[in-house]
Amino acid sequence: MNKISYPLKFEPLLQNNIWGGDYLKTRSTNIPDGSVGESWEISDYKTKTTKIINGEHKGKSLHEILDLIYYNPIDFNRFPLLLKILAPESELSVQVHPNDSYTSSLNLGESGKAEAWYVLDAPENSFLYLGLTEKISKEILKKAVEDCTLNNYLNKVYVKQGDVVNIPHGTIHSLCPKIKVFEIQQNSNITYRLYDWGRVDKNGQSRQLHIKEALQVVNYDYLPASHLVTPKIINNKEYLREKYMQSANFTMEKISKMRAPIKLDNSELKVHIITSINSKIEISTVSGSISLNKYDSCLIPAMSGVISIAGSFESEVLLYS
């Protein structure tokens with residue numbers, strides 16, 4: 001079968017979450033019962049693989065066409081990234097994710113889970129929890145969990161629209177109510193909960209905690225000078241480009257202030273994800289084009305050639321790879 005070179009758009013998969021609400025229910029026609037906290041925009045996680053809604057391969061899942069979007073033969077079984085929108089109505093659990101070495105050593109069948117958040121919307125004086133306020137021992141953290149005093153050690157980070165938050169492996173974190181984010185992450189769903197704010201479900205049941213595992217994977221030394229990512233600015237006559245993340249797991253950058261349609265070189269033959277943050281944009285490659293509305297995303301195969309993005313001066317676009 002021929003390689004794919006046109007932009008691929010997917011039907012999001014909505015996830016039922018105890019901390020969710022109704023905001024994301026317009027993202028898909030397949031709406032689960034109860035509250036929705038996550039919209040998995042592009043996913044190849046186990047049975048939760050998003051389906052293509054445009055072009056020749058409409059109806060196929062990302063997993064089915066995985067080898068058709070890469071230039072070289074692939075040596076992995078799943079698309080390595082997972083893109084989500086999170087829209088909590090109450091706090092996420094205080095949680096932590098393991099690294100690749102930990103999951104490999106225990107044969108968990110998944111990678112670790114590094115992630116980053118781009119803040120889409122945040123009420124005034126909004127904050128989230130990211131990391132610890134000071135270096136503490138495993139014993140002190142364990143006692144704080146047992147005594148329900150963990151909050152004393154959680155680092156508050158105040159955020160606004162447009163902020164980027166890096167969440168490396170082993171970083172304790174929690175997203176607070178009404179803050180909407182794009183989340184780019186490794187294709188893993190391993191989450192260890194330390195604390196869940198004492199909440200129960202409609203049947204009066206608490207969610208499972210994973211204190212033993214969490215205490216093993218926390219990075220007790222992670223105390224960055226700033227918890228918000230400062231981008232590298234590339235400003236030219238055509239547009240503003242801000243490079244936020246360049247890690248072994250993924251990259252994240254933003255394009256804005258476009259004075260005319262722009263063209264991006266894809267001579268490195270990478271697979272990209274492009275997301276519209278705030279307006280309608282047009283994405284074109286050698287084999288086709290697609291319109292993206294606010295919060296929509298598409299996947300650009302490696303054989304796409306030059307990538308064209310057309311929007312307005314106010315348009316803001318995220319690029320992941």
Side-chain angles (χ1 to χ4, degrees), residues 1-15 23-31 36 38-45 47-71 78-87 118 120 180-185 187 250-255 258 261-264 266 269-312 315-321:
M1 189 177 293
N2 293 331
K3 297 285 188 176
I4 301 173
S5 55
Y6 71 91
L8 299 171
K9 193 174 180 182
F10 298 85
E11 178 76 14
L13 293 170
L14 304 184
Q15 307 299 309
Y23 178 81
L24 291 174
K25 290 183 177 181
T26 59
R27 297 296 304 162
S28 175
T29 57
N30 298 314
I31 305 172
V36 172
E38 301 177 333
S39 176
W40 291 21
E41 300 288 298
I42 297 179
S43 168
D44 187 27
Y45 180 76
T47 60
K48 297 179 180 180
T49 177
T50 47
K51 291 189 176 181
I52 300 166
I53 60 173
N54 69 306
E56 175 187 355
H57 296 273
K58 180 178 179 180
K60 294 179 182 177
S61 70
L62 174 55
H63 189 67
E64 288 178 280
I65 53 89
L66 195 57
D67 60 339
L68 302 181
I69 62 174
Y70 286 92
Y71 178 74
R78 294 286 177 180
F79 187 67
L81 299 179
L82 176 51
L83 178 67
K84 302 176 180 177
I85 302 174
L86 307 186
Y118 180 91
L120 293 169
K180 300 178 181 67
V181 301
F182 274 119
E183 177 178 287
I184 188 71
Q185 58 158 92
N187 186 5
F250 50 77
T251 67
M252 178 200 291
E253 52 189 295
K254 182 168 75 171
I255 288 176
M258 292 183 286
I262 65 171
K263 296 186 182 300
L264 302 179
N266 195 22
L269 299 174
K270 288 185 177 180
V271 174
H272 296 272
I273 295 173
I274 298 179
T275 296
S276 174
I277 298 174
N278 64 346
S279 65
K280 185 174 183 178
I281 60 173
E282 188 84 8
I283 309 295
S284 302
T285 67
V286 294
S287 297
S289 63
I290 194 167
S291 294
L292 299 181
N293 294 315
K294 178 180 178 180
Y295 295 176
D296 285 346
S297 298
C298 68
L299 185 147
I300 307 295
M303 293 69 61
S304 63
V306 173
I307 305 166
S308 175
I309 303 176
S312 67
S315 297
E316 296 182 331
V317 180
L318 289 177
L319 281 76
Y320 307 101
S321 63

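Because only heavy atoms are used, hydrogens play no part in the values below, and waters and symmetry mates are left out as well, while side chains stay in. Since we're looking at a predicted model, the values are computed, not measured.
Residues meeting the salt bridge (Lys or Arg N to Asp or Glu O under 4.0 Å) test with Arg78, sequence neighbours left out: Asp44. The side-chain hydrogen bond (donor to acceptor under 3.5 Å, both in side chains) test applied to Gln15 returns Lys48, not counting sequence neighbours. By the side-chain hydrogen bond (donor to acceptor under 3.5 Å, both in side chains) test, Thr50 is found to be paired with no residue, residues two or more places apart in sequence or in another chain being considered. Legend: residues meeting side-chain hydrogen bond (donor to acceptor under 3.5 Å, both in side chains) with Tyr45, ordered by chain and number and at least two apart, are Glu110. In this structure, Phe250 has no ring-ring contact (aromatic ring centres under 6.0 Å, His included) partners at least two apart in sequence or on a different chain. Residues forming a ring-ring contact (aromatic ring centres under 6.0 Å, His included) with Phe79 (at least two apart in sequence, or on another chain): none. Residues satisfying the salt bridge (Lys or Arg N to Asp or Glu O under 4.0 Å) criterion with Lys270, sequence neighbours excluded, are Glu268. Checked against ring-ring contact (aromatic ring centres under 6.0 Å, His included), Tyr295 has the following partners two or more places apart in sequence or in another chain: Phe182. For Ser321, the side-chain hydrogen bond (donor to acceptor under 3.5 Å, both in side chains) criterion is met by Thr251, not counting sequence neighbours. The salt bridge (Lys or Arg N to Asp or Glu O under 4.0 Å) test applied to Lys294 returns no partner, not counting sequence neighbours.
In this structure a side-chain-to-backbone donor-acceptor pair under 3.5 Å is present from Thr285 to Ser5. In this structure, the side chain of Thr49 engages the main chain of His63 through a donor-acceptor pair within 3.5 Å.
For the pair Lys254 and Ile277, the minimum side-chain heavy-atom distance is below 4.5 Å.
Every pair tested for salt bridge (charged side-chain N to carboxylate O under 4.0 Å, His left out) that includes a residue from residues 275-291 fails, sequence neighbours excluded, so the list is empty. Applying the salt bridge (charged side-chain N to carboxylate O under 4.0 Å, His left out) rule to pairs touching residues 57-71 yields nothing, sequence neighbours excluded.
Residues Ser284 and Ser308 have side chains that never bring a donor and an acceptor to within less than 3.5 angstrom of each other.
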